[in-house]
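Atoms within a ligand are numbered from 1 in the order they appear, just like the ligands themselves. The first residue of the sequence shown is numbered 1, and numbering continues consecutively from there. Values below: all heavy atoms of this structure, side chains included; hydrogens, waters and symmetry mates excluded.
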Amino acid sequence: MSTVTRERKAQHALPELPYALDALEPRISAETLQFHHGKHHRDYVTKLNELIQDTEFAELPLEEIVRRSSGPVFNNAAQAWNHAFYWQCLAPAKGRRRPSTTLAKAIDTRFGSLDAFKDRFTQVAVETFGSGWTWLVLERDGSISVGSTSNAGTPIRTHGAPLLTCDVWEHAYYIDYRNERLKYVEAFWELANWDFVNRNYEAAL
Ligand code: FE
């Protein structure tokens, strides 16, 4: 590493996981989190910092870069943002809770029941072709919906607000579940951090 590189302050840092590496076991292993957070997510942040040096994006907050960029800058910025959001969508047992009364009502209105919502989200996650993300979002008209984005796609510049996401890139589940994405998504529901989803919904309303 050259002196110049070492002295340049990185604009974006890899956020720490909000729990211990083994906190989601056995559903998501410490080894998966080591690779997913410690290598994949870290690489997006490192690459982003390299790409934005001396550009119009150098001083911008991450979310602004996602909103304004395209190409490699967008890909790395959006992946950095999506992963930071995803970690918070998961929680060890005592952090999980349930949908709030207001969110439960919105889910019932849109999907019929919490189970029907989970079935729909799971179906979209399993059917997402290749690498991507499945989302519960608050639309700009105030309704909620489920959809997926490909690769680094993110709803933060096209929708009202993301409420919940599941990373369906193979790197999220291949160590634990090999090619069985459905088993991973079923495990995801055992880890879903409804406290976080509730807060996102309240903040976005
Ligand atoms: Fe990922």
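Contact record, T128 with S148: OG1-CB, 3.2 Å, taken as the closest heavy-atom pair.
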Show me, pair by pair, the donor-acceptor contacts under 3.5 angstrom made by side chains of residues 197-205, not counting sequence neighbours?
{"unit_1": "N198", "atom_1": "OD1", "unit_2": "S100", "atom_2": "N", "d": "2.8"}
{"unit_1": "N198", "atom_1": "ND2", "unit_2": "R98", "atom_2": "O", "d": "2.9"}
{"unit_1": "N198", "atom_1": "ND2", "unit_2": "W194", "atom_2": "O", "d": "3.1"}
{"unit_1": "N200", "atom_1": "ND2", "unit_2": "L163", "atom_2": "O", "d": "3.1"}
{"unit_1": "N200", "atom_1": "ND2", "unit_2": "F196", "atom_2": "O", "d": "3.2"}
{"unit_1": "E202", "atom_1": "OE2", "unit_2": "T102", "atom_2": "OG1", "d": "2.8"}

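In this structure, W87 has its ring center closer than 6.0 angstrom to the ring center of H36. Aromatic pair Y86/H37: ring centres not closer than 6.0 Å.
Taking distances strictly below 2.8 Å, the protein N/O/S atoms close to the Fe ion (ligand 1) are H36 NE2, H83 NE2, D167 OD2, H171 NE2.
Remark: F117 pairs with F111, F121, W189 by the ring pair (Phe, Tyr, Trp, His ring centres under 6.0 Å) rule, at least two apart or across chains.
Sorted by first and then second residue, the ring pair (Phe, Tyr, Trp, His ring centres under 6.0 Å) pairs involving residues 42-69 (not counting sequence neighbours) are Y44-H83.
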